[in-house]
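Here the structure comes first, spelled out in structure tokens, and everything after it is commentary.
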Amino acid sequence: MVFADPGEALARARALLDADPSPLDASVAHQVIGIWQRDFGDLRLALNHLRRARECAARADSADREADVLATLGVALVHAGRTREGLAAFERGVARGGGHTRARVLYRRAYVWWVLGHHREALEDVRRAIPVLRQAEDVIWTARALTLRATVHLALGAVERAEADFTAAEALWDTTGQEHDKADAVESRGLAAFRSGDVPAALRLLDEAEERYARLGTPTFMLNIRRCEVLMAAGLAPEALAEADAAIGKLDGIGGQSTRKAELLLAAARAARLAGDPHTAIARAALAVRLFAGQRRTWWETHARLVLIEARHAAGRGSGRLVADAASVAGKLAAFGAPAAPEASLLAGRIALGLGWTADAERHLAVAARSRRSGPPLARLTGWAAQALRARAAGSTRGVLEACRRGLDVLDDHRMTLGASELRARATEQGAELAALAGRASLVSGGPRRLLVWSERWRATVLSTPPTRPPDDPELLSGMTAFREIASRAEAARMEGRPVPALEREQRRLERQIRSRTLHMRGEVPGDGDRFDVGRLLERLGDEARLVELAVLDGRVQVLLCGQGRVRRFEAGLLADAEIEAEHVQAGLRRLAHPGAEARLAVVEAAGRRLEELLLGPAAAYLGGGPVVIVPPGRLHRVPWALLPSLRERVLSVSPSAGSWLRAGETAPPPHGRHVLVRGPGLATGGAEVPELAGRYACATVLEDDEARVPRVLQELDGAALAHIAAHGTFRADSPLFSSLRMADGPIVVHDFERLARSPYRIILSCCDTALLASVGADELLGLVTALLPLGTAGVVACSAPVNDAAVVPLMLALHKGLGAGLSLAEALRDARAALPGDALHQATGWAFSAFGAA
């Protein structure tokens with residue numbers, strides 16, 4: 001019962017001990033309490049009860065009872081870090097038990113071998129146990145043994161064998177009432193899904209397992225460890241670090257298993273390294289190494305040493321000693337049959353290359369490169385990274401580019417299995433090294449065209465295909481409705497000066513629930529094979545237009561100027577300097593949004609001139625007189641491009657990639673010309689442009705006051721030719737897909753727009769901060785604008801800074817005047833800026849808005 005209904009089992013065991021039981025029954029009761037405390041509570045209390053259970057079994061003169069208790073005690077001792085004592089208890093248990101009982105003891109020793117990382121010994125014990133358990137028709141213990149064997153197979157990379165055992169175990173669990181074991185089976189299936197490369201299924205199954213454990217009221221730290229692993233693979237390393245650290249705190253608070261603490265520390269170290277915090281990674285990994293060593297867990301200790309070496313290398317500590325350490329770890333992992341062995345060989349080769357030890361590097365990289373041909377996607381990616389580094393060391397540009405191409409193809413295939421745009425974007429981080437290697441190789445030998453092709457190869461790939469539409473999931477829909485209600489109430493409370501902590505906690509809970517369900521979506525759209533074509537781009541641009549793609553290599557901006565049938569390259573400034581200047585510009589625009597800040601205008605204009613030098617360099621003199629399309633890297637998305645002197649009076653548009661600009665230009669408008677005007681609450685001007693625009697567009701649908709509610713707004717936006725939304729915008733850097741526009745019933749968020757069958761062909765967001773985006777992955781952007789582009793929107797006007805509501809009104813009216821005359825969004829925005837009064841307030845407002853896309 002302790003794994004069917006843990007709380008009830010604990011209560012019955014305590015009641016039995018209060019009733020002066022016989023030694024045999026007392027032994028069972030103490031063992032149950034020991035198991036409960038071992039797995040869900042205080043390990044010291046567990047050991048006390050298990051020793052008393054053994055004493056009672058001895059008094060009852062039952063060899064099988066004593067053997068069973070010794071097995072439970074052995075597990076507890078190993079989890080307490082007292083490995084030698086634990087294994088000795090198993091030796092006595094195996095000797096004391098007979099037949100069926102011995103098989104149960106062998107199963108538990110196999111579990112301990114797995115905990116210790118002795119996988120061959122684990123498989124041997126479970127091989128001996130399963131036939132006896134089956135012969136005794138012991139369904140529960142047979143299912144446990146099959147689950148364990150599957151888990152060991154996964155640790156050794158044998159995914160197909162694991163899945164077969166999990167399937168057999170699950171069929172047995174369905175015939176029992178063992179709810180905790182059933183939850184564990186779901187968790188194990190999640191691990192198997194992850195090992196086979198299905199991240200959405202892994203997240204879904206782990207969330208389901210967590211819900212089952214929560215109903216039983218049992219904490220499970222193994223689930224935390226596994227979810228950390230999946231989150232890291234999904235590019236969510238900061239979240240994995242937070243989860244691991246929280247679990248460690250909880251484990252310490254209850255005096256739980258030191259084995260699990262060591263594993264959680266290892267997960268935290270990996271997450272910290274991936275999150276770009278090598279010093280935290282070093283601290284966590286070093287402590288994990290010490291704990292694993294004290295627990296005699298060599299397999300785990302070796303994995304922790306790998307992370308420690310990776311973190312030290314990331315902190316800039318390259319040395320011959322580090323190469324030797326990485327090579328030693330690689331050899332041990334290979335001897336264990338651990339899937340992480342190629343990663344260690346790649347690390348040894350990478351450090352050796354940094355030291356100029358080409359012969360040593362080649363030896364280690366050749367070993368790592370073997371993994372490129374088979375295995376899960378991220379393992380093959382490791383192999384192709386090693387192959388690219390080998391080619392670079394050998395001076396083969398062709399070899400570098402071929403390895404990078406093959407590796408990024410693997411990543412693309414993996415990325416397309418992910419349904420959520422957030423996961424697709426973050427997954428590209430895995431290919432950042434390959435992208436950088438290809439860029440450097442192109443710069444050295446391929447000329448500007450090749451560099452442009454490779455820049456496009458890894459830039460804004462998420463926008464190349466629409467995200468998977470969220471399913472008609474009742475729980476998701478009800479969660480979105482509840483989220484809007486709570487967010488609306490919280491906003492009202494803030495405006496009235498009332499405290500909102502409880503509402504904010506509930507809002508965060510609902511956000512986690514919504515996000516969790518969207519991350520479960522599996523990709524449905526196959527890769528379309530639409531590779532970027534430089535010739536097609538140059539044909540579209542013709543002789544007048546220019547497209548300026550900014551690539552960043554080794555921290556410096558490379559300007560790729562496309563037009564007049566050719567691609568030219570210019571070198572500009574340092575990206576870090578440009579980012580600092582862009583922040584100064586943003587601060588200046590924020591001040592200019594308020595009357596009385598005219599003195600800041602000259603400062604902002606000077607910053608704009610410096611930005612032009614840093615971002616365009618000598619290319620500014622070759623822009624011609626026609627329209628310009630700017631394709632910035634993700635980290636420069638906040639630049640107000642119209643502020644740059646050479647762009648200020650031009651027809652100017654911005655695009656996340658040249659490929660997405662081409663696709664936007666090929667997007668056909670809907671056959672009917674439906675217009676939608678939306679006015680949200682709380683604007684200083686009340687959205688004053690909307691009534692006047694309603695008079696211009698006689699057949700427009702106008703949604704305001706109580707009609708501007710999210711379900712109605714989404715219904716009208718779907719498939720519209722033009723949408724104008726005047727509303728307060730909020731950008732969420734912490735969770736960009738919850739960036740929002742405020743409607744009458746609460747926020748409309750990016751997740752809502754992703755439910756549209758087709759977003760408006762043109763959309764004008766007369767709102768603050770709507771053009772702000774989060775830079776994630778290799779060079780991806782998440783936010784409102786990038787959510788719209790793959791869904792059928794060909795052009796967006798949005799704002800990258802806070803603006804003055806009153807100054808926005810004349811800009812919007814002038815913009816629509818241009819659209820009515822048949823101009824594109826970029827042309828109309830250029831003319832609208834020119835029509836504004838010349839004061840600082842209106843000029844800053846015009847600069848803050850940008851046209852995105854090609855409509």
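Counting begins at 1 with the first residue of the sequence.
Electrostatic pairing of Arg109 and Glu91 counts as a salt bridge here, judged by a charged N lying under 4.0 Å from a carboxylate O. Here Arg120 does not pair with Glu124 in a salt bridge; the nearest charged N to carboxylate O distance is not below 4.0 Å. Note on Arg405 versus Asp412: no salt bridge recorded, every NZ/NE/NH1/NH2 to OD/OE distance being 4.0 Å or above.
Looking at heavy atoms from C-beta onward, Thr176 lies out of side-chain contact with Asp181 at the 4.5 angstrom threshold. Two residues are said to be in side-chain contact when any heavy atoms from C-beta on lie closer than 4.5 Å; Arg317 and Ile282 meet this criterion. Contact annotation: the side chain of Arg134 approaches that of Leu146 to within less than 4.5 Å [non-hydrogen atoms, C-beta and beyond]. Taking 4.5 Å as the limit, every side-chain heavy atom of His364 sits out of range of all side-chain heavy atoms of Leu346. Two residues are said to be in side-chain contact when any heavy atoms from C-beta on lie closer than 4.5 Å; Glu310 and His313 fail this criterion. By the 4.5 Å heavy-atom criterion applied to side chains, Leu87 and Arg296 are not counted as neighbours. The shortest side-chain heavy-atom distance between Thr417 and Asp198 does not fall under the 4.5 Å cut-off. Residues Leu353 and Leu365 are in side-chain contact: their nearest non-hydrogen atoms beyond the backbone lie under 4.5 Å apart.
No hydrogens or angles considered: a donor-acceptor pair under 3.5 Å links the side chains of Asn224 and Glu243. In the model, Ser516 has a side-chain atom that pairs as donor or acceptor with a side-chain atom of Asp207 under 3.5 Å. For the 3.5 Å distance criterion, the side chains of Thr382 and Glu343 fail to qualify, holding no donor opposite an acceptor.
Ring-plane geometry between His180 and Phe40 is classed as tilted, the angle between the planes lying from 30 to 60 degrees on a 0 to 90 degree scale.
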*Report the C-alpha distance between Arg284 and Asp245 in whole Å, list the side-chain angles of each, state the deciding distance to 0.1 Å, and finish with yes or no for side-chain contact (heavy atoms from CB on, under 4.5 Å).*
CA-CA 10 Å; Arg284 300 284 196 282; Asp245 282 348; 2.9 Å; yes
*Are Asp409 and Arg406 close enough, and set up right, to give a salt bridge (Lys or Arg N to Asp or Glu O under 4.0 Å), and what steps lead you there?*
CA-CA 5 Å; Asp409 284 347; Arg406 298 287 294 273; 5.6 Å; no
*What's the verdict on side chain to side chain donor-acceptor pair (under 3.5 Å) for Thr72 and Gln31, showing C-alpha distance, side-chain angles and the deciding distance?*
CA-CA 8 Å; Thr72 303; Gln31 185 180 8; 2.8 Å; yes
*I would like to know whether Phe292 and Leu266 meet side-chain contact (heavy atoms from CB on, under 4.5 Å); could you show each step before the answer?*
CA-CA 10 Å; Phe292 286 133; Leu266 174 56; 4.2 Å; yes
*Mind running side-chain contact (heavy atoms from CB on, under 4.5 Å) on Thr147 and Trp173 for me, showing each step along the way?*
CA-CA 10 Å; Thr147 300; Trp173 287 128; 3.5 Å; yes
*Do Asp68 and Arg108 pass the salt bridge (Lys or Arg N to Asp or Glu O under 4.0 Å) test, and can you show the C-alpha distance, the side-chain angles, and the key distance before you say yes or no?*
CA-CA 10 Å; Asp68 199 75; Arg108 282 175 283 193; 2.5 Å; yes
_side-chain contact (heavy atoms from CB on, under 4.5 Å), that's the test. Do Ser188 and Arg226 meet it? Break it down for me._
CA-CA 9 Å; Ser188 298; Arg226 287 170 171 170; 3.9 Å; yes
_Chi angles and distances behind the salt bridge (Lys or Arg N to Asp or Glu O under 4.0 Å) call for Arg195, Glu229_ = CA-CA 10 Å; Arg195 290 281 188 263; Glu229 194 173 358; 2.6 Å; yes
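In Arg515, the CZ atom is crowded: over 12 heavy atoms of neighbouring residues, nucleotides or ligands sit closer than 6.0 Å.
Remark: the backbone N or O of Asp42 is paired with a side-chain donor or acceptor of Gln37 at under 3.5 angstrom. Remark: the backbone N or O of Glu362 is not paired with any side-chain donor or acceptor of Trp357 at under 3.5 angstrom. Judged by distance alone, the side chain of Thr280 and the main-chain N or O of Ala272 form no donor-acceptor pair under 3.5 Å. Under a 3.5 Å cut-off, the side chain of Arg161 and the backbone N or O of Ala158 do not form any donor-acceptor pair. No side-chain donor-acceptor contact under 3.5 Å links Asp360 to the backbone of Gly349. When atom types are taken as modelled, the side chain of Thr142 and the backbone of Asp138 share a donor-acceptor pair closer than 3.5 angstrom. Checking side-chain atoms of Tyr213 against main-chain N and O of Asp184 turns up a donor-acceptor pair under 3.5 Å.
Here CG of Leu156 is found 6.5 Å from CG of Leu123. Values are rounded to the nearest 0.5 Å. The structure places CG of Asp165 at 8.5 Å from OG1 of Thr167, a figure rounded to the nearest 0.5 Å. Remark: Ile248 CD1 to Leu287 CG distance equals 8.0 Å, nearest 0.5 Å. Glu433 CD to Cys404 SG: the interatomic distance, rounded to the nearest 0.5 Å, is 8.5 Å. Rounded to the nearest 0.5 angstrom, Arg390 CZ and Thr358 OG1 are separated by 12.5 Å. Annotation: the span from Arg38 atom CZ to Leu50 atom CG amounts to 7.5 Å, rounded to 0.5 Å.
Nearest heavy-atom pair, Gly177 versus Ala4, reported as atom, atom and distance to 0.1 Å: O-CB, 3.3 Å. Counting all heavy atoms, side chain and backbone alike, Met232 lies closest to Ala237 at CG-CA, 4.4 Å. Of all heavy-atom pairs spanning Leu381 and Gly431, the tightest one is CD2-N, 4.5 Å. In terms of heavy atoms, Ala67 sits closest to Gly93 at CB-O, 3.4 Å. Nearest heavy atoms, Arg270 versus Val307: CG-CG2, 3.4 Å. Across all non-hydrogen atoms, the minimal contact from Gln295 to Ser258 is NE2-O, 3.1 Å.
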Could you give the side-chain donor-acceptor pairs of residues 323-342 under 3.5 Å, partners two or more places apart or in another chain?
from	atom 1	to	atom 2	distance (Å)
Asp325	OD1	Arg321	NE	3.2

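For residues 69-96, every residue pair satisfying the ring pair (Phe, Tyr, Trp, His ring centres under 6.0 Å) rule, not counting sequence neighbours, is listed here: His79-Tyr111.
Aromatic pair His119/Trp113: centroids not less than 6.0 angstrom apart.
Checking His303, Gln257, Arg297 one by one against Glu263, the side-chain hydrogen bond (donor to acceptor under 3.5 Å, both in side chains) holds for a single residue, Arg297.
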